[in-house]
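Worksheet: the structure to be examined is printed underneath.
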Number of protein chains: 2
Amino acid sequence: MDRVKQAQEDSTDTATQILDVAERLVQVRGFNAFSYADVAGELGLTNAALHYHFPSKPELGEALIARYAIRFMGALAEIDESFSDPLQKIDAYTGLYAGVLRSQRMCLCGMLAADYETLSTGMRGAVVDFFEGNERWLAEVLKQGRDDGTLDFPGSPLEEARSIVSGLEGAMLIARSMGEIKRFKSAATHLMTALRP
Amino acid sequence: MDRVKQAQEDSTDTATQILDVAERLVQVRGFNAFSYADVAGELGLTNAALHYHFPSKPELGEALIARYAIRFMGALAEIDESFSDPLQKIDAYTGLYAGVLRSQRMCLCGMLAADYETLSTGMRGAVVDFFEGNERWLAEVLKQGRDDGTLDFPGSPLEEARSIVSGLEGAMLIARSMGEIKRFKSAATHLMTALRP
DNA sequence: GTCTATAGGCAGATAGAC
DNA sequence: GTCTATCTGCCTATAGAC
């Protein structure tokens, strides 16, 4: 876990470079469709060097999710600081997803949700935690919006939050295959529209 | 393609049994996380026997999607015959997805959408066709519902159809990881609620 | 149609030199 | 920290006997 912190501070660190390449490969191809050799090849390293930094593939996977989750939660904290209007917060939230999709990638944890049955227990827990963190943040924003009258929706804030996270992940998943970011934008707008009182 | 037809008529046919096992493995683990040996082992056959029926893995993959798409479109035709009310049709449509999830599986094409970048061009085209077929059918139902006043939604029927397909696929993807079918049901209900005038 | 046998390659992982 | 060298195992795929 110290390695994760260090990686955020020094972007030329080898461990960081490994995480960067591996992250992209997982987001594009999936956890079971990339190899240590793929990453090593891109960085001009050997297979063995990677194993020094991340002894096993599941450990690499857990480090990937940990870093991704920290970054994502950090982005949510920035949104909280930048906006007070709940609708603007949610708009910024969908923007995070759009940014990922724009780089031709799927959400890391969305991809890992597809690979879920083949993951180690450590990776599984981390994926679940990621989604629960997203839902908690979003539910809080929704609650705030309902309280101040800027948002309206049926059911509980948590249920609505779950529907939104599902909708965004599904829209990313399909938009990537269909080759149109427009499809994602349309789905995101649709989810936002449904929140207007 | 003749093999697909034959497979639907004779469920003891070896090709059919291969497709059955491979289909489940793809839906649970993903296309890159199952092997010919996995399928052969379950059926008490050898690797070589599978290659006789499906010479290469991409060809097996294309046969899987072809059969899945035929079955799914058949189910949509049955819905059209069974119901005339658009809302009931859509309820039955979400029921198809719920049935897949209930058997601990992800939608075949939703899973393949995650694996998309690693698929052959033939498989990619078949996945896209599957989603477009779904969207077309759903858009037609939505149009019918808007025309007869039983449904209301913002934007075009096709845009709404795409949002619904995305929402259902995303809900399946996440509900499977979170281990709660309830989550899917909740999301499906949410999508239906939004269609009421 | 299914088998045995096998090819050729790539996977994740380790030992030991530098 | 990174290398070379190597292990073991699994992968897709094929040849040829039955």
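Within every chain, numbering begins at 1; the chains are lettered A, B, ... in the order of the sequence lines, protein sequences first and strands thereafter.
Contact annotation: the side chain of Leu195(B) never approaches that of Leu191(B) to less than 4.5 Å [non-hydrogen atoms, C-beta and beyond]. Within the 4.5 Å cutoff, the side chain of Ser166(B) has no heavy atoms near those of the Glu169(A) side chain. Between Leu151(B) and Ile90(B), some side-chain heavy-atom pair lies under the 4.5 Å cut-off.
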Point to revise | Full working for side chain to side chain contact (heavy atoms under 4.5 Å, CB included) between Ser120(A) and Glu62(A) | key: CA-CA 9 Å; Ser120(A) 67; Glu62(A) 288 176 38; 3.7 Å; yes

Exercise for review: Dump the intermediate steps for side chain to side chain donor-acceptor pair (under 3.5 Å) on Glu59(A) and Ser56(A), then the final yes or no.
Suggested key: CA-CA 5 Å; Glu59(A) 285 173 280; Ser56(A) 74; 2.9 Å; yes

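Applying the ring-ring contact (aromatic ring centres under 6.0 Å, His included) test to residues at least two apart or on different chains, none of the pairs has a partner in residues 141-190 of chain B. Pairs passing the ring-ring contact (aromatic ring centres under 6.0 Å, His included) check and including a residue from residues 107-130 of chain A, sequence neighbours excluded, read Tyr68(A)-Phe130(A), Phe72(A)-Phe130(A).
Here dA11(C) presents its C1' atom at 14 Å from CG of Leu60(A), a figure rounded to the nearest Å. Atom pair Leu50(B):CG and dC3(C):P shows a separation of 10 Å (rounding to whole Å applied). Distance NE2 (His53(A)) to C1' (dC3(D)): 12 Å, rounded to an integer number of Å. Between the P atom of dT2(D) and the CD1 atom of Ile18(A) lies a distance of 7 Å, rounded to the nearest Å.
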Exercise for review: Any chance you could list the contact pattern along nucleotides 11-18 of chain D? Use B for base contacts, S for sugar-phosphate-only contacts and - for none, protein heavy atoms under 4.0 Å, 5' to 3'.
Suggested key: SBBBB---

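Taken residue by residue, residues 112-122 of chain A places no heavy atom nearer than 4.0 Å to DNA chain C.
Surrounding CD of Glu132(A) are more than 12 heavy atoms belonging to other residues, nucleotides or ligands, all under 6.0 Å away.
When distances are taken from the side chain of Thr46(A) to each of dC3(D), dT4(C), dT2(D), the shortest belongs to dC3(D).
Recorded end-axis angle for the helix from dG1(C)-dC18(D) to dC18(C)-dG1(D) stands at 0°, based on five pairs per end and rounded to 10 degrees.
What you find for Glu23(A) and Leu108(A) is that their closest heavy atoms are O-CD1, 4.3 Å.
Side-chain N/O atoms of Thr14(A) include one lying less than 4.0 angstrom from OP1 or OP2 on dT2(D). For Tyr52(A), no side-chain nitrogen or oxygen approaches OP1 or OP2 of dT2(D) to under 4.0 Å.
In this structure a side-chain-to-backbone donor-acceptor pair under 3.5 Å is present from Gln27(A) to Met106(A).
Residues passing the side chain to side chain contact (heavy atoms under 4.5 Å, CB included) test with Ala49(B) are Leu45(B), Thr46(B), sequence neighbours excluded.
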